[in-house]
Structures are given as C-alpha cells and as structure tokens.
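Before any comments, here is the structure.
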Amino acid sequence: LELYVTYKKKIVLGFPGATIADLAAFNPESINLINSHQEIFQVIIRAFSHDIALLRTASGFGFNLDYGIKAIKQEFDNIAFFYLPPEFMCTAMQIHKLHKTGITGIFINSARFDAQTAQRIPTQPYKIKGLFDTWIDCIPFDSELTTAYLDSIHNFNAQSWNKSIQQNKPNQPAYSWRDGESTFLLPNTLERERTWLSNESDQIKRNFLNAIPIEKISQVN
C-alpha cells in the first residue's frame with residue numbers, strides 16, 4: 001500500500017468482509033493509510049465470505065452480500081458501488097439482488113470461460129440483465145493485462161505491462177484485474193512490486209471507477 005502512495009499510483013481495492021475484519025484486528029494501520037489517501041485508493045464492494053456464489057440460495061447470497069457491505073462501510077470512506085463477485089461467478093438472480101441493493105456495476109473476466117463463450121463477451125463496458133428486467137453496468141477485464149502484470153513482476157520490469165496497455169486504442173480505457181496474492185508467492189515481494197510501479201510508463205493514466213462509458217446491449221447470456 002505504501003508503494004502506491006510513494007509513486008502516486010491510483011488503485012481500486014476489493015477486500016472480502018472477512019479480510020477487512022482481520023485488518024481491523026491485526027493491521028488497522030493499513031485501513032488508516034487507505035482512508036488517509038483517498039486520491040490513491042478506492043474500495044469496491046465484495047461479499048463477506050469468498051465463497052462459491054453459484055451454490056448460494058437467494059437468502060444466503062443476500063446475507064453474505066449485506067454483511068460484506070456493512071464491513072466495507074464501517075471501515076472505508078472512498079467506496080465505489082461496483083461489486084466484484086468471488087471467482088467472477090454470478091447469476092441472474094444475484095444481479096437482481098445487486099440492483100436492489102444499489103450496486104451500479106459488476107465485473108467479468110472472459111479468461112474464466114471457455115473459448116466459445118469468451119468470444120461473446122464484449123471487450124468494453126456494457127449493460128447486463130438480471131431477473132425481472134433489472135440492469136447493471138458490467139466491466140470486462142482484459143485478461144492479457146493480467147498476464148502482462150504477472151510477466152512484469154516475474155521478470156523485474158514493466159516492459160510487458162507498458163506495451164500491452166499502450167497497444168489499446170487511443171483514449172479508450174483499459175480494464176485490468178490482478179489478484180492480491182501474486183507477488184507474495186514469489187521472493188522479494190516488495191521489490192517486484194516497486195520495480196513494476198516505478199517503471200510504469202508516464203503515458204499510462206490510472207483512474208477510479210467513474211465516468212466510464214457504458215454501451216447498452218440487449219443481454220449477454
């Protein structure tokens with residue numbers, strides 16, 4: 001977290017509620033740092049438990065979501081009401097619940113689907129339909145950017161990352177996701193992250209989840 005402040009790199013964070021409970025008990029300094037630098041950190045909505053959402057009943061999903069929101073609201077200030085589902089799994093029923101709860105957007109990762117399904121997922125944000133004609137925004141992550149990030153921290157440089165982002169169309173946002181534990185599976189954790197951040201191209205402009213152009217489509221099944 002301190003590296004992002006040092007290099008003035010904006011980042012959107014997604015903590016499950018159970019993780020937030022651990023931070024509040026064992027590392028409250030991290031929460032204070034995040035809240036003290038709202039120009040750097042934005043926090044999105046997650047469930048309390050990182051579970052297999054497809055196996056949840058409607059009431060079980062709602063309970064898990066509601067307690068995740070309570071934990072996030074209790075500890076953080078700069079919150080975007082976008083929901084990151086566990087392992088990108090979400091049903092039409094759950095989208096309806098998210099809409100009723102006030103969630104404005106969700107995320108999808110085409111790399112988690114088979115090739116035929118992945119080809120049908122738009123590459124730019126769109127509207128997705130839940131039960132009872134409810135709609136929320138959907139942001140598709142570029143899986144190549146995840147690979148580029150991993151390549152950068154594995155090789156102690158940012159060349160792959162810079163090249164991948166700069167290949168995007170001019171003035172068209174790129175949406176990247178990376179898990180929280182990747183760097184911690186390797187030695188020299190902080191130096192890898194520091195090298196990546198410090199060598200990120202100045203032409204790359206990071207931003208929060210606002211003013212995102214959303215194209216309405218009929219539905220993605």
Side-chain angles (χ1 to χ4, degrees), residues 1-15 30-31 33-46 76-85 88 104-113 118-119 121-127 137-215:
L1 294 175
E2 290 175 346
L3 289 174
Y4 286 86
V5 175
T6 298
Y7 293 105
K8 296 180 172 58
K9 300 292 186 178
K10 291 183 179 180
I11 185 171
V12 177
L13 302 169
F15 299 112
S30 63
I31 295 176
L33 180 67
I34 290 170
N35 287 331
S36 297
H37 294 279
Q38 295 185 40
E39 77 284 3
I40 300 295
F41 302 109
Q42 185 176 67
V43 178
I44 56 174
I45 301 299
R46 302 212 59 188
F76 297 108
D77 299 325
N78 186 15
I79 303 170
F81 275 76
F82 282 74
Y83 175 70
L84 180 61
F88 300 97
T104 59
I106 196 172
F107 304 91
I108 195 167
N109 187 349
S110 61
R112 299 299 179 92
F113 296 85
Q119 291 177 355
I121 298 175
T123 58
Q124 286 296 305
Y126 58 94
K127 297 282 187 180
D137 299 339
C138 186
I139 296 177
F141 288 124
D142 186 339
S143 59
E144 292 184 3
L145 295 182
T146 303
T147 302
Y149 162 75
L150 293 173
D151 182 76
S152 293
I153 64 167
H154 279 226
N155 293 289
F156 277 98
N157 66 63
Q159 293 179 9
S160 180
W161 173 256
N162 292 335
K163 181 179 179 181
S164 294
I165 290 185
Q166 290 167 348
Q167 285 176 342
N168 278 273
K169 296 179 181 179
N171 301 318
Q172 181 169 292
Y175 303 94
S176 173
W177 168 85
R178 44 75 63 95
D179 58 35
E181 65 269 20
S182 290
T183 51
F184 297 102
L185 302 177
L186 300 166
N188 307 116
T189 293
L190 293 178
E191 288 309 312
R192 291 177 187 276
E193 196 87 355
R194 186 193 309 277
T195 301
W196 171 61
L197 288 173
S198 63
N199 289 284
E200 182 180 76
S201 171
D202 292 336
Q203 296 180 4
I204 296 173
K205 305 301 180 184
R206 295 178 175 232
N207 213 334
F208 291 146
L209 292 167
N210 50 17
I212 296 175
I214 306 294
E215 176 187 0

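Throughout, numbering of the chain's residues begins at 1 and tracks the sequence.
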Quick one: list whatever passes side-chain contact (heavy atoms from CB on, under 4.5 Å) with Val43, sequence neighbours left out. Ile34, Ile72, Phe76
Sequence neighbours excluded, which residues qualify as side-chain contact (heavy atoms from CB on, under 4.5 Å) partners of Gln203? Gln166, Ser201
For [X], give me all partners under ring-ring contact (aromatic ring centres under 6.0 Å, His included), at least two apart in sequence or on another chain.
X: Tyr4; value: none
X: Tyr83; value: none
X: Tyr149; value: Trp196

Under the side chain to side chain donor-acceptor pair (under 3.5 Å) test, which residues partner His37, sequence neighbours left out? Glu39
List the residues meeting side chain to side chain donor-acceptor pair (under 3.5 Å) with Thr104, not counting sequence neighbours, and say none if there are none. none
Quick note, salt bridge (charged side-chain N to carboxylate O under 4.0 Å, His left out) partners involving residues 140-157, not counting sequence neighbours, are none
Once salt bridge (charged side-chain N to carboxylate O under 4.0 Å, His left out) is applied, what residue pairs with a partner in residues 172-191 remain, sequence neighbours excluded? Arg178-Glu193, Glu191-Arg194
Looking at [Y], is its backbone amide N or carbonyl O close enough to the side chain of [X] to form a donor-acceptor pair, meaning the two atoms are under 3.5 Å apart?
X: Asn155; Y: Asn157; answer: no
X: Arg192; Y: Pro187; answer: yes
X: Asp77; Y: Ser36; answer: no

Provide the closest heavy-atom pair for [X] versus [Y] in the form atom of the first, atom of the second, distance.
X: Pro173; Y: Tyr175; answer: CB-OH, 3.4 Å
X: Ala158; Y: Asn199; answer: CB-O, 3.6 Å
X: Phe82; Y: Leu209; answer: CE1-O, 3.8 Å
X: Ile79; Y: Ile45; answer: CG2-CD1, 3.9 Å
X: Tyr7; Y: Leu197; answer: CD1-CB, 4.2 Å
X: Ser152; Y: Gln159; answer: OG-N, 4.4 Å

Spatial distance of atom [atom1] ([X]) from atom [atom2] ([Y]) [nearest 0.5 Å]:
X: Leu145; Y: Trp177; atom1: CG; atom2: CH2; result: 12.5 Å
X: Thr146; Y: Asn109; atom1: OG1; atom2: CG; result: 6.0 Å
X: Ser160; Y: Leu150; atom1: OG; atom2: CG; result: 9.5 Å
X: Leu33; Y: Leu1; atom1: CG; atom2: CG; result: 5.5 Å
X: Ile106; Y: Cys138; atom1: CD1; atom2: SG; result: 6.5 Å
X: Ile153; Y: Leu186; atom1: CD1; atom2: CG; result: 5.5 Å

Would you say the side chain of Pro125 lies within less than 4.5 Å of the side chain of Asp137, judging by non-hydrogen atoms? no
Side chains of Ile108 and Ile121: does their closest heavy-atom pair fall under 4.5 Å? yes
Hey, do the aromatic rings of Phe107 and Phe141 have their centres closer than 6.0 Å? yes
Are more than 12 heavy atoms from other residues, nucleotides or ligands located less than 6.0 Å from atom CZ of Phe156? yes
Gln38 CD: over 12 foreign heavy atoms closer than 6.0 Å: yes
Does NZ or CZ of Lys10 fall inside the cone over Phe208's six-membered ring, less than 6.0 Å from its centre and within 45° of the axis? yes
Taking only residues two or more places apart in sequence or in another chain, which ones pass salt bridge (charged side-chain N to carboxylate O under 4.0 Å, His left out) with Lys9? Glu200
Run the numbers on Asn78 and Phe41 for side chain to side chain contact (heavy atoms under 4.5 Å, CB included), then give the verdict. CA-CA 7 Å; Asn78 186 15; Phe41 302 109; 6.0 Å; no
